[in-house]
Amino acid sequence: VLQLAGFLGVYILLIGPLNYLVLRRLKRVEWAWFTIPVIILIASAITYVTGFSLRGTQATLNRLSLIQVWPESDQAQVNGVIGVLSPRRATYALSMNDALTVHSLTTSAANALNSNPADVKVGESLHYSVSNIPVDAGISTAFVTDGYIPAPALSGSATLTLGADGKASIKGEVRNNSALTLTDALVLVMQTPVSIGTLAAGETRSFQSDVQPLNIAEPASSSRTPIYNPYTNGYNYSSNQRLQTLQDLLKTNIYSKLQSGNPQEQQTYRRRDYFVGGFTNTSDQFTGRGFDVYLIGWNDQSPLSMTLDAPYITEDTSLYAVKLNTTLVTPDATVKVLPGYMQWVTLPKLNQPDFSPYELYLTQGQDATFQFKPIPALRLSTVSTLKIQTSSNNADAGRVSLWDWTTNRYVEFNRPGNSLGYELTLTSPSDLQRYLNSDNTVQIRIQAYNGATSLSSITVSVDGKLAS
């Protein structure tokens with residue numbers, strides 16, 4: 001902006017006061033009929049050449065990569081997005097290497113990038129290739145690529161210790177025996193990010209931290225479970241304010257970086273923000289990690305190997321996710337399995353949506369049924385306590401019933417009333433035998449009563465001895 005304002009200022013001075021003063025000194029003011037058009041032509045030529053050179057003469061390949069590395073595996077999975085940016089209207093051909101596939105983005109994603117790859121042709125021979133890629137000036141044409149590459153020498157180990165009270169701590173080390181340098185590295189365990197910082201090539205770093213207790217259970221399905229919204233007859237995700245995977249990967253200070261960082265830093269974090277937002281949901285409250293521990297780190301080089309049929313430069317952002325070898329240490333005595341160590345699943349019902357135990361909304365006549373059980377690592381051989389809590393957003397907490405596994409019928413516990421929540425604690429061996437099956441599963445039915453029922457959460461926890 002300052003350069004443009006300076007250019008316009010010089011142009012105005014030349015075509016106005018300076019031109020007049022020079023011609024007046026030469027006593028040839030009438031020459032202004034010729035000098036003004038000449039100045040305009042020269043300024044126009046300078047503007048065109050400057051704009052042409054500022055755009056450059058080379059195409060730009062923007063490569064965003066997610067690389068997933070597993071213990072004892074010599075191959076790493078890579079998923080990426082490729083953007084072809086041209087300084088002027090042109091047609092390109094792109095060829096992939098290392099058995100990487102390539103295909104166009106979905107229509108909605110392509111439209112978001114002002115990309116129109118409808119006319120491109122994807123071919124397969126020894127390598128995947130894309131021909132006839134139309135790129136307009138200043139607009140990216142984007143593609144998706146995936147495949148496998150040799151795994152980088154990134155590894156580590158962790159010991160996760162679970163106390164009798166359900167609280168956990170972690171310690172371990174991460175090793176970088178590759179030629180890469182990871183920046184803004186983190187160790188992610190449950191809902192706790194442990195900062196590593198910069199992990200240089202050849203460096204080994206130790207870490208230790210308490211682990212933030214989990215308050216919400218994971219869906220038993222690996223897919224993200226949406227929440228049904230009866231007002232819109234659609235699905236959305238809870239806005240529950242917890243540390244989300246997106247913020248984990250970007251570090252919680254990303255938004256301050258976007259506002260107060262230097263321009264180059266802002267651009268780096270903005271790229272990361274858009275990239276990670278493409279495969280995580282900012283409102284998704286489930287981490288999906290369980291007791292798995294991961295090393296996360298960024299690098300400004302790309303493992304994606306490709307060629308373009310024209311001179312080009314690259315801008316690369318890569319995110320590495322390395323699963324660590326993890327040992328879980330559990331207490332010998334009674335252990336408390338907190339709500340976050342439980343899994344849940346919705347039992348489907350004809351003509352009803354798949355509900356979630358979080359931000360649950362039921363209209364009169366509707367009901368929702370959920371099964372909760374501990375994650376596999378925390379299945380109990382004997383259970384001493386079962387605790388169920390519901391938190392209501394209105395005066396009606398609904399009917400709460402438990403499935404009796406011995407009689408195969410529901411038993412109602414909470415009758416509707418003016419309550420903003422309900423808590424049930426069972427300790428009797430006979431009750432625990434009735435309402436928990438052999439793998440510690442409890443089945444809960446919530447029925448709307450006297451209008452709508454709105455629950456912010458349904459949580460389940462159990463105490464007992466771990467199975468050997």
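Scope of the values below: all heavy atoms of this structure, side chains included, with no hydrogens, waters or symmetry mates.
Using bins of under 30°, 30° to 60° and over 60° for the plane-to-plane angle, the ring pair W344/Y358 lands in the perpendicular bin.
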- Task: Would you check, one step at a time, whether the test side chain to side chain donor-acceptor pair (under 3.5 Å) holds for S305 with N97?
- Result: CA-CA 5 Å; S305 178; N97 301 323; 3.1 Å; yes

- Message: Under the criterion side-chain contact (heavy atoms from CB on, under 4.5 Å), I'd like the reasoning laid out for D316 against D300: C-alpha separation, chi angles, the key distance, then a yes or no.
- Response: CA-CA 5 Å; D316 300 325; D300 59 2; 5.7 Å; no

- Message: Using side-chain contact (heavy atoms from CB on, under 4.5 Å), reason through M306 and V102 one step at a time and then give a plain yes or no.
- Response: CA-CA 11 Å; M306 64 195 71; V102 63; over 6 Å; no

- Message: For F207 and V174: C-alpha separation, side-chain torsions, deciding distance, then whether side-chain contact (heavy atoms from CB on, under 4.5 Å) applies.
- Response: CA-CA 8 Å; F207 61 90; V174 290; 4.0 Å; yes

- Verdict with supporting geometry, L402 and L426, side-chain contact (heavy atoms from CB on, under 4.5 Å): CA-CA 12 Å; L402 301 187; L426 300 177; 4.2 Å; yes

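In this structure, CG on L182 lies 10.0 Å from OG on S318, to the nearest 0.5 angstrom. In this structure, CE in M342 is found 7.5 Å from CG in N440, a value given to the nearest 0.5 Å. In this structure, OG on S454 lies 8.5 Å from CG on L362, to the nearest 0.5 angstrom. Here the straight-line distance linking atom CD of Q389 with atom OH of Y422 works out to 11.5 Å at 0.5 Å rounding. For the atom pair L85 CG and S140 OG, the distance stands at 4.5 Å (nearest 0.5 Å). With values rounded to the nearest 0.5 angstrom, Q301 atom CD is found 9.5 Å from R63 atom CZ.
R379 and K373 get closest at one heavy-atom pair: NH2-CE, 3.5 Å. Between Y341 and G166, the shortest heavy-atom contact is OH-O, 2.8 Å. In plain terms, the two heavy atoms of V78 and I67 that are nearest each other are CG2-CG1, 4.0 Å. What you find for F372 and I458 is that their closest heavy atoms are CZ-O, 3.8 Å. Looking at every heavy atom in both residues, V337 comes nearest to P374 through CG1-CB, 4.1 Å. Shortest non-hydrogen contact noted between L466 and S381 is O-OG, 3.5 Å.
Aromatic ring centres of F355 and F370: separated by at least 6.0 Å.
Looking at heavy atoms from C-beta onward, T91 lies out of side-chain contact with V135 at the 4.5 angstrom threshold. You'll find the side chain of I170 reaches within 4.5 Å of the side chain of V293, heavy atoms only. Inter-residue side-chain proximity for N176 and L154 is flagged as met; some heavy-atom pair is nearer than 4.5 Å. At a threshold of 4.5 Å between non-hydrogen side-chain atoms, the residues D184 and R272 count as touching. Using a 4.5 Å heavy-atom cutoff, the side chains of V329 and L162 are not in contact. Residues S195 and L186 meet the side-chain proximity criterion, which asks for heavy atoms closer than 4.5 Å. In this structure, W405 and T441 have side chains that are in contact, with non-hydrogen atoms separated by less than 4.5 Å. Side-chain contact check for T330 versus V335: every heavy-atom pair is 4.5 Å or farther apart.
Looking at K465, its side chain does come within 3.5 Å of a backbone N or O of D332 through a donor-acceptor pair. Of the possible polar contacts, none joining the Y92 side chain to the A59 backbone as a donor-acceptor pair under 3.5 Å is found. Side-chain atoms of T101 come within 3.5 Å of backbone atoms of D146 as a donor-acceptor pair (strictly under, hydrogens ignored). Side chain of T141 to main chain of P134: a donor-acceptor pair is present (N/O by atom type, distance under 3.5 Å, no hydrogens or angles). Looking at S73, its side chain does come within 3.5 Å of a backbone N or O of Q75 through a donor-acceptor pair. D309 places a side-chain N or O within 3.5 Å of a backbone atom of A93 that can act as its donor or acceptor partner. S178 contributes a side-chain N or O that, together with a main-chain N or O of L180, makes up a donor-acceptor pair within less than 3.5 Å. The main-chain N or O of L304 is found under 3.5 Å from a side-chain atom of S302 such that the two form a donor-acceptor pair.
Under the 4.0 Å criterion applied to side-chain N and carboxylate O atoms, K323 and D292 are assigned as salt-bridge partners. Between D367 and R445, none of the side-chain N atoms (NZ, or NE/NH1/NH2) sits under 4.0 Å from a carboxylate O, so this pair counts as no salt bridge. Checked for salt-bridge contact, D165 and K336 miss the test: no charged N lies under 4.0 Å from a carboxylate O.
Atom OH of Y128 sits in a sparse spot, with 12 or fewer heavy atoms from other residues, nucleotides or ligands closer than 6.0 Å.
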